[in-house]
Amino acid sequence: MALVFYNTLGRKKEAFTPITEGKAGLYTCGPTIYNYAHIGNFRAYMFEDLLKRYLLFKGYEVRHIMNLTDVEDKLIRTCKETGKPLSEITRYYADAFFKDIKTLDILPADVYPAATEHIHEVVEMIKTLRDRGHTYEEQGSIYFRLSTFDEYGALSGINLDELQAGASGRVQADEYDAEEARDFALWKAWDEEDGDVFWETELGKGRPGWHIECSAMSMKYLGAHFDIHCGGIDNMFPHHENEIAQSRCCSGEPFVNYWLHCAHLVVEGKKMSKSLGNFYTLRDLLEKGIEPLAIRWVLLATHYRQPSNFAFDALAAASQSLRRIADFRLRMQEIRGEGSDLQKECAACEADFVRDMDDDLNISGALGTVFTFIREVNRQADQDEVGAEGAKNALALLDKLNAVTGLFAGVREEAVPEEILELVDARQKARRAKDFAASDAIRDQLAAAGWVVEDTPDGPRVKKL
RNA sequence: GGCGGCAUAGCCAAGUGGUAAGGCAGAGGCCUGCAAAGCCUUUAUUCCCCGGUUCGAAUCCGGGUGCCGCCUCCA
């Protein structure tokens with residue numbers, strides 16, 4: 001059984017073979033910290049989290065680098081608009097980003113290099129590219145000359161001759177100083193718009209272009225040649241294509257072996273946009289009372305190359321699914337005595353889970369195997385066939401697979417308040433006295449207080465609603 | 001204009017040539033004092049539409065339709 005990834009470079013599934021046995025170098029394009037990240041951004045980070053967790057599950061030693069873009073046009077605009085220094089804005093939104101990924105239980109990267117802390121590396125890289133004849137200078141800015149790199153377009157499949165400059169409408173082609181609109185900036189000369197955002201370097205007064213930071217920082221932390229590079233599909237062109245050009249021309253070595261891109265997310269079937277009112281940051285959703293784990297579920301549960309529909313119905317369904325898993329865990333914790341050890345069922349579930357995940361991280365299939373397992377074990381438990389050992393094994397399996405999904409931990413057991421326990425006792429007394437009107441009234445009272453009582457053969461079980 | 005992706009039940013979503021996973025919601029049943037939880041049954045003769053290839057197609061090919069993405073700094 002081999003782990004297989006769909007490599008954008010080549011557009012086909014390939015067995016994952018790391019450069020160094022047992023290790024995986026992973027670079028994921030991080031946020032531009034000029035605003036709160038939105039759920040579309042988090043879909044990408046969630047996919048990368050799943051990838052990383054699965055690599056760890058498979059026993060790889062993962063070195064994960066995620067950059068923080070902390071100098072860039074939008075940031076400079078924000079500085080101007082707010083009158084605040086760049087560092088104040090980026091520090092604020094970097095903090096918000098770290099808080100958000102913690103809320104979503106996304107494992108932190110090993111290093112979060114920021115562009116502004118790697119100006120030296122960027123400058124050195126540009127100098128190398130210049131020495132090797134890949135650049136030209138125009139009005140103080142330095143551009144990469146694409147015509148010096150034959151392989152350009154291999155990742156995205158784009159044919160440069162057919163590109164329509166400025167077709168996206170975002171930028172006027174004639175605003176570019178580059179000789180050809182397709183050439184991109186490595187170093188941008190300072191102009192008045194930049195205010196006090198600049199660095200005095202051997203290349204002159206200015207700031208780095210966007211693409212170069214990823215090349216410079218991935219090289220510093222992972223080496224010139226590493227295993228996996230991820231990002232959203234929109235980064236494929238031009239960002240990743242440009243990274244390849246810079247890195248290959250600078251080092252002369254291969255760059256990245258596996259390129260993985262995740263598809264976009266739509267909200268309620270529509271493109272997320274502020275004008276449609278369906279643009280959500282994580283905190284927007286939390287304010288609506290949606291639990292973080294349900295958000296994690298919805299962001300994770302669709303295969304990463306599939307467009308994902310972020311729907312409120314799906315969030316509700318995810319909450320129910322989480323509750324089902326939590327109830328199952330609770331039930332397993334209560335099982336005592338002799339019975340099946342569930343060895344066979346656990347082994348089958350894990351094998352199926354791994355089979356699906358090995359196939360380019362088929363998380364939907366993998367989740368399905370876990371539910372199939374839960375149903376089977378519940379069925380056996382209904383027959384009183386599961387022993388304490390089996391229950392323990394089932395919980396251990398969920399814990400093991402939870403390392404991959406982060407969805408199976410169950411709810412934290414909350415201490416039940418004294419007054420709730422007293423009500424439960426009173427209800428039991430009423431039930432024993434067959435005073436069901438009274439016991440049902442107490443049950444309603446408990447429900448109003450946010451607690452559910454379930455009668456089991458071993459007595460009442462109280463759960464937070 | 002160029003390039004790419006997607007379309008599977010009420011909703012979310014697997015499945016890429018062998019006869020439609022799973023979750024949520026709904027219906028019926030078992031259990032229960034009644035519930036809840038759980039289990040069982042049920043819910044797509046069919047996978048956007050029209051052709052074609054094949055013994056066999058949701059899967060491959062051709063043509064439509066719809067949605068989405070990229071085309072110089074958006075995950």
Side-chain angles (χ1 to χ4, degrees), chain A residues 11 28-32 37-48 69 72-74 153 156-171 173 175-176 178 181-185 188 209-211 230-239 241-242 261-266 269-271 297-298 301-303 305-321 323-324 327-328 330-331 352 356 362-372 374-376 378-383 431 434-436 439-440 443 447 452-457 460-461 463:
Chain A
R11 308 284 166 122
T28 61
C29 281
T32 299
H38 56 71
I39 50 170
N41 301 126
F42 285 118
R43 190 207 181 180
Y45 308 141
M46 197 62 80
F47 141 62
E48 289 152 1
T69 298
E72 168 273 358
D73 292 356
K74 289 192 296 285
S156 57
I158 271 172
N159 181 342
L160 281 178
D161 298 334
E162 289 168 0
L163 273 188
Q164 248 180 51
S168 71
R170 287 205 293 226
V171 172
E175 282 182 5
Y176 272 73
R182 64 187 203 180
D183 290 336
F184 60 92
K188 295 181 151 185
W210 175 44
H211 312 293
C230 303
I233 196 167
D234 53 297
N235 272 163
M236 202 164 85
F237 182 87
H239 183 54
E241 203 75 77
N242 290 169
H261 291 98
C262 80
H264 274 207
L265 168 133
V266 293
K270 295 207 173 66
K271 182 182 175 179
W297 189 297
V298 171
T302 303
H303 183 88
R305 283 190 288 113
Q306 208 63 229
S308 167
N309 185 12
F310 191 86
F312 285 88
D313 281 355
L315 285 168
S319 284
Q320 282 306 111
S321 300
R323 188 173 293 266
R324 180 167 161 81
D327 282 350
F328 176 75
L330 211 56
R331 185 177 198 186
D352 288 348
D356 286 338
N362 182 356
I363 183 66
S364 315
L367 288 174
T369 69
V370 174
F371 280 106
T372 301
I374 287 175
R375 184 174 6 94
E376 173 59 19
N378 267 325
R379 197 187 60 74
Q380 291 190 31
D382 278 358
Q383 308 296 316
R431 291 184 70 223
K434 305 244 185 255
D435 184 355
F436 296 119
S439 77
D440 289 350
R443 184 162 60 196
V452 185
V453 59
E454 298 177 353
D455 298 316
T456 75
R461 172 197 292 154
K463 293 194 311 194

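In what follows, every chain begins at residue 1, and chains take the letters A, B, ... in the order their sequences are listed.
From A:D234, atom CG reaches atom SG of A:C29 across 9.5 Å, with rounding to the nearest 0.5 Å. Between the OG atom in A:S156 and the CE atom in A:M236 there is a gap of 5.5 Å [rounded to 0.5 Å]. Interatomic distance, A:I374 CD1 to A:F328 CZ, rounded to the nearest 0.5 Å: 5.5 Å.
A:R11 places its CZ atom 15 Å from the P atom of B:C70, with the value rounded to the nearest Å. Summarising the geometry, the separation between NE2 on A:H261 and P on B:C71 is reported as 13 Å, rounded to the nearest angstrom. Computed from coordinates, the A:F42 CZ to B:C74 C1' distance equals 15 Å when rounded to whole Å. The separation between A:H264 atom NE2 and B:A7 atom C1' is 19 Å, rounded to whole Å. Taking atom CZ of A:R379 as the reference point, atom C1' of B:G38 lies 12 Å away to the nearest angstrom. Taking atom CZ of A:R461 as the reference point, atom P of B:A36 lies 14 Å away to the nearest angstrom. In this entry the distance linking CZ of A:R43 with P of B:C6 reads 13 Å, nearest Å. Residue A:F237 contributes atom CZ, which lies 12 Å from atom P of B:C70 at whole-angstrom precision.
In terms of modelled atom types and a separation under 3.5 Å, the side chain of A:E48 and the main chain of A:T28 share no donor-acceptor contact. Looking at A:D352, its side chain never comes within 3.5 Å of a backbone N or O of A:T369 through a donor-acceptor pair.
Listed pair A:N378 / B:C39 meets the phosphate criterion, a side-chain N or O lying under 4.0 Å from OP1 or OP2. At the phosphate of B:A75, OP1 or OP2 sits under 4.0 Å from a side-chain N or O atom of A:N41. Residue A:N235 has no polar side-chain atom (N or O) positioned under 4.0 Å from OP1 or OP2 of B:A75. Look at A:Q306 and you'll find a side-chain N or O under 4.0 angstrom from OP1 or OP2 of B:A7. The shortest distance between the side-chain N/O atoms of A:K271 and the OP1/OP2 oxygens of B:G69 is below 4.0 Å. At least one side-chain nitrogen or oxygen of A:K74 sits closer than 4.0 Å to the OP1 or OP2 atom of B:C74.
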- Query: Dot-bracket for RNA chain B, 5' to 3', counting Watson-Crick or G-U wobble pairs under 3.5 Å, with [ ] for crossing pairs and | for inter-strand pairs?
  - Reply: (((((((..(((.....[...))).(((((.......))))).....(((((..]....))))))))))))....
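A gap of 36 Å separates the C1' atoms of B:U42 and B:G51, to the nearest Å. Rounded to a whole angstrom, the distance from the C1' atom of B:C71 to that of B:G63 is 26 Å. The gap from the C1' atom of B:C6 to that of B:U59 amounts to 15 Å, rounded to the nearest Å. For B:A14 and B:G23, the P atoms lie 15 Å apart once the distance is rounded to whole Å. Nucleotides B:A21 and B:C12 have their C1' atoms positioned 14 Å apart, rounded to a whole Å. Of the C1' atoms belonging to B:A9 and B:U45, the separation is 13 Å, rounded to the nearest Å. Only the C1' atoms considered, B:U53 is 49 Å distant from B:G38, to the nearest whole Å. Of the P atoms belonging to B:U16 and B:C50, the separation is 24 Å, rounded to the nearest Å.
Residues passing the salt bridge (Lys or Arg N to Asp or Glu O under 4.0 Å) test with A:K74, sequence neighbours excluded: A:E72. With sequence neighbours excluded, no residue forms a ring pair (Phe, Tyr, Trp, His ring centres under 6.0 Å) with A:F436.
Between A:R331 and A:K270, it is A:R331 whose nearest contact on RNA chain B lies nearer the 5' terminus.
For the pair A:D327 and A:R324, the minimum side-chain heavy-atom distance is 4.5 Å or more. The side-chain heavy atoms of A:D455 and A:R431, taken from C-beta on, include a pair separated by under 4.5 Å. A 4.5 Å side-chain heavy-atom check between A:R461 and A:V452 finds every atom pair outside the cut-off.
A:L315 comes within 4.0 angstrom of nothing in the nucleic acid, heavy atoms only. Using a 4.0 Å heavy-atom criterion, one finds that A:G231 contacts the sugar-phosphate atoms exclusively. Counting any heavy atom pair closer than 4.0 Å across all strands shown, A:H303 reaches sugar-phosphate atoms only and no base atom. Residue A:V298 is out of contact with every strand shown, counting any heavy-atom pair closer than 4.0 Å.
Taking 4.0 Å as the cut-off between side-chain N and carboxylate O, A:R331 and A:D382 count as a salt-bridged pair.
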- Reading nucleotides 18-24 of chain B from 5' to 3' and marking B where a protein heavy atom lies under 4.0 Å of the base, S where only the sugar-phosphate is that close, and - otherwise, the string is ---BSSS
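Looking at the side chain of A:Y45, the nearest of the listed nucleotides B:A37, B:A14, B:A75 is B:A75. For A:N309, the side-chain atoms get nearest to B:A13 when compared with the rest of B:A13, B:A75, B:C6. Residue A:V452 places its side chain closer to B:A36 than to any other of B:A37, B:G69, B:A36. Across B:C39, B:A37, B:G5, the shortest atom-to-atom separation from the side chain of A:E454 is found for B:A37.
Across all their heavy atoms, A:A301 and A:L367 have their closest contact at CB-CD1, 3.9 Å.
Using bins of under 30°, 30° to 60° and over 60° for the plane-to-plane angle, the ring pair A:H239/A:W210 lands in the parallel bin.
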Tabulate protein N/O versus nucleotide N/O from nucleotides 28-33 of chain B, keeping only pairs under 3.5 Å, one per line.
unit_1 : atom_1 : unit_2 : atom_2 : d
B:G33  : N7     : A:R431 : NH2    : 3.3
B:G33  : O6     : A:R427 : NH2    : 3.4
B:G33  : O6     : A:R431 : NE     : 3.1
B:G33  : N1     : A:D440 : OD1    : 3.0
B:G33  : N2     : A:D440 : OD1    : 3.4
B:G33  : N2     : A:D440 : OD2    : 2.6

Ignoring hydrogens and angles, write down the donor-acceptor pairs under 3.5 Å from the side chains of residues 39-46 of chain A, residues two or more places apart or on other chains.
unit_1 : atom_1 : unit_2 : atom_2 : d
A:N41  : OD1    : A:H38  : N      : 2.8
A:N41  : OD1    : A:H38  : NE2    : 3.3
A:R43  : NH1    : A:A263 : O      : 3.0
A:R43  : NH1    : A:H264 : O      : 3.0
A:R43  : NH1    : A:Q306 : O      : 2.9
A:R43  : NH2    : A:H303 : O      : 2.9
A:R43  : NH2    : A:Q306 : O      : 2.8

